[in-house]
Amino acid sequence: MSHLFTPLTIREITLRNRIAVSPMCQYSSVDGLPNDWHLVHLGSRAIGGAGLVFTEAAAVEARGRITPQDLGIYDDSHIEPLQRITRFLHEHGSVAGIQLAHAGRKASTAPPWQSGHAVGEAAGGWAPVVAPSPLPFDTGYLTPEALDEVGIKQVVRAFGNAAERAQQAGFEVVEIHAAHGYLLHEFLSPLSNQREDQYGGEFNNRVRLLLEVVEEVRRHWPERYPLVVRLSVTDWTEGGWDIEQSVALAQQLKPLGVDVIDCSSGGAVPKATIPVGPGYQTEFAARIKREAGILTGAVGMITAPSQADHIIRSNQADMVLLARELLRNPYWPTYAAQELRQENPAPVQYERAWPHH
Ligand SMILES: Cc1cc2nc3c(=O)[nH]c(=O)nc-3n(C[C@H](O)[C@H](O)[C@H](O)COP(=O)(O)O)c2cc1C
């Protein structure tokens, strides 16, 4: 039986345990470039013992950044500073992953600690922002321009080029961000996609863009490296995207070379009622794993070592992704190993702090 500290091999990459740092925007970049903040922030979590360290959402196009301060991978100048980070993560036993993202209609906003709302050019913002249909997310957001077929092809190519750069930068896992109400999710959800062409309407049309992006990324991303897709498994809203559609989509993603579905939820519309609580999304990972026969990641309010261990032992998911708990405690994996009486050696420099290891 696998547990939280059983290594996991996917294609040719082995994670030392089942703990991943969930992607977390830092809103600390200039022109999409990572800097010392990103090195120390991500590096600390490698030292802390995570098996897989994901960067925050990295924009595949400049106009696909959520805020002007987002990380980017839309230009070759991003490769070298990212390389510095992946080298460090690798040296400390973590696999480096990057989340490739396009913010769609939620682009050009201020960081959450400011307003979170649309910003103008003076504050580094831009227009237009793009989406499947010209419907703003909420008041305080820009009304997007609907992408035409040329624009859609450009987005698909941008994801492929980003995957190519990710490989050059030394990443060994790519996650495509198709959750939280950003561009790819906007196409999946009938709440944001009201197109009447081949990218809108019935299920097979709404999933088309994501399938094209996956195929393009797989063309540029080495066979030996894992590919993950993050979904918002449900919009928690009547008439929206839901678990049944997620299962059907996961079944189509697997033969295209997707290895893991990272099961999140929400973000399509501002007023969904979400039953947030410990492990509230874990059931989605369990159901997709069972019904689509694909590896899954569970995320959302996973904080206790025994909770995380149970998710793996009971075969509900193949890995757990932690976000806020790893902000509170970057050494959570080492601490969890101690709690669970497992091995997850701390770096030699820190050994005296963890006497059992
Ligand atoms: C500061 C912060 C930034 C986040 N940025 C991203 C992101 O870039 N991409 C993403 O998919 N999710 C993002 N999330 C969501 C987390 O990855 C995670 O799914 C969510 O916080 C639930 O996990 P938790 O309960 O362990 O925090 C962010 C969350 C936080 C707290």
Side-chain angles (χ1 to χ4, degrees), residues 4 18-29 32 34 37-38 41-42 44-45 48 50 52-60 64-73 82 97-104 106-107 109-114 116 159 162 166 171 173-186 188 210 228-234 236 260-268 272 274-285 296-305 307-308 311 317 319-330 332-333 335-336:
L4 192 60
R18 307 302 182 97
I19 303 163
V21 179
S22 199
M24 278 182 279
C25 286
Q26 299 297 297
Y27 314 105
S28 301
S29 294
W37 174 265
H38 302 86
H41 162 67
L42 297 168
S44 302
R45 280 139 193 92
L52 173 59
V53 178
F54 274 118
T55 68
E56 66 197 87
V60 301
R65 289 172 295 166
I66 305 166
T67 74
Q69 293 78 27
D70 278 24
L71 183 65
I73 186 154
L82 286 170
I98 186 166
Q99 187 184 48
L100 304 183
H102 193 302
K106 288 183 170 176
T109 60
W113 57 71
Q114 294 170 8
F159 271 95
F171 290 98
V173 176
V174 152
E175 173 170 280
I176 296 171
H177 195 352
H180 303 168
Y182 298 114
L183 186 68
L184 298 176
H185 181 193
E186 287 161 18
L188 297 177
L210 177 57
V228 181
V229 170
R230 173 166 272 195
L231 294 179
S232 275
V233 170
T234 175
W236 300 108
V260 183
I261 305 292
D262 171 8
C263 301
S264 189
S265 75
I274 305 181
V276 177
Y280 71 109
Q281 295 168 148
T282 303
E283 61 174 301
F284 301 135
T296 58
V299 63
M301 300 274 284
I302 299 168
T303 55
Q307 176 196 14
I311 291 169
M319 65 173 79
V320 291
L321 294 95
L322 279 68
R324 288 164 293 180
E325 188 61 18
L326 278 166
L327 290 187
R328 289 184 282 265
N329 180 5
W332 189 91
Y335 157 74

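The figures here come from the full heavy-atom set of this structure, side chains too, leaving out hydrogens, waters and symmetry mates. Every number for a ligand or one of its atoms is a count from 1 in the order of the listing.
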Please state whether Glu325 comes within less than 4.0 angstrom of ligand 1, counting heavy atoms only.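 So Glu325 does not count as touching ligand 1.
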
Would you call Gly300 a ligand 1 contact, heavy-atom distance under 4.0 Å?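 Heavy atoms of Gly300 do come under 4.0 Å of ligand 1.
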
Under a 3.5 Å distance rule, please check whether [X] uses its side chain to pair with a backbone N or O of [Y] as donor and acceptor.
| X | Y | answer |
| --- | --- | --- |
| Glu56 | Gln26 | yes |
| Ser232 | Ala179 | no |
| Ser265 | Val233 | no |

Between [X] and ligand 1, is there a nitrogen or oxygen pair with a distance under 3.5 Å?
| X | result |
| --- | --- |
| Met301 | yes |
| Arg324 | yes |
| His177 | yes |

Can you classify the ring geometry of Tyr280 versus Trp236 as parallel (below 30°), tilted (30 to 60°) or perpendicular (above 60°)?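 Parallel, since the angle between the ring planes stays under 30°.
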
With under 30° as parallel and over 60° as perpendicular, where do the rings of Tyr182 and His180 fit, or are they tilted in between?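 Ring orientation of Tyr182 relative to His180: perpendicular.
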
To which protein heavy atom is [atom] closest, and what is the distance rounded to 0.1 Å?
| atom | value |
| --- | --- |
| atom 10 (C) of ligand 1 | Arg230 NH1, 3.3 Å |
| atom 2 (C) of ligand 1 | Met24 CG, 3.7 Å |
| atom 21 (O) of ligand 1 | Ala323 CB, 3.5 Å |
| atom 28 (C) of ligand 1 | Pro23 O, 3.7 Å |

With atoms numbered from 1 as shown, which atoms in ligand 1 lie under 4.0 angstrom from a non-hydrogen atom of [X]?
| X | answer |
| --- | --- |
| Ala57 | 8 (O) |
| Gln99 | 7 (C), 8 (O), 9 (N), 10 (C), 11 (O) |
| His180 | 10 (C), 11 (O), 12 (N) |

Nearest neighbour of atom 5 (N) of ligand 1 from the list Cys263, Ser22, Cys25, Pro111, on a heavy-atom basis: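 Closest candidate by heavy-atom distance is Cys25.
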
Atom pair CH2 (Trp37) and CG (Leu71), whose distance is rounded to the nearest 0.5 Å: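 Rounded to the nearest 0.5 Å, the CH2-CG separation comes to 14.0 Å.
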
Should Pro23 and Glu175 count as side-chain neighbours, where that means a heavy-atom distance under 4.5 Å?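 SC-SC contact between Pro23 and Glu175 confirmed.
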
Could you check whether Glu325 and Thr303, counting side-chain N and O atoms only, form a donor-acceptor pair closer than 3.5 Å?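 On atom types as modelled, these side chains do not qualify, holding no pair under 3.5 Å.
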
Kindly give the heavy-atom pair with the smallest separation between Cys263 and Val299, and that separation in Å.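 Looking at all heavy atoms of both residues, the shortest contact is O-CG1, 3.5 Å.
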
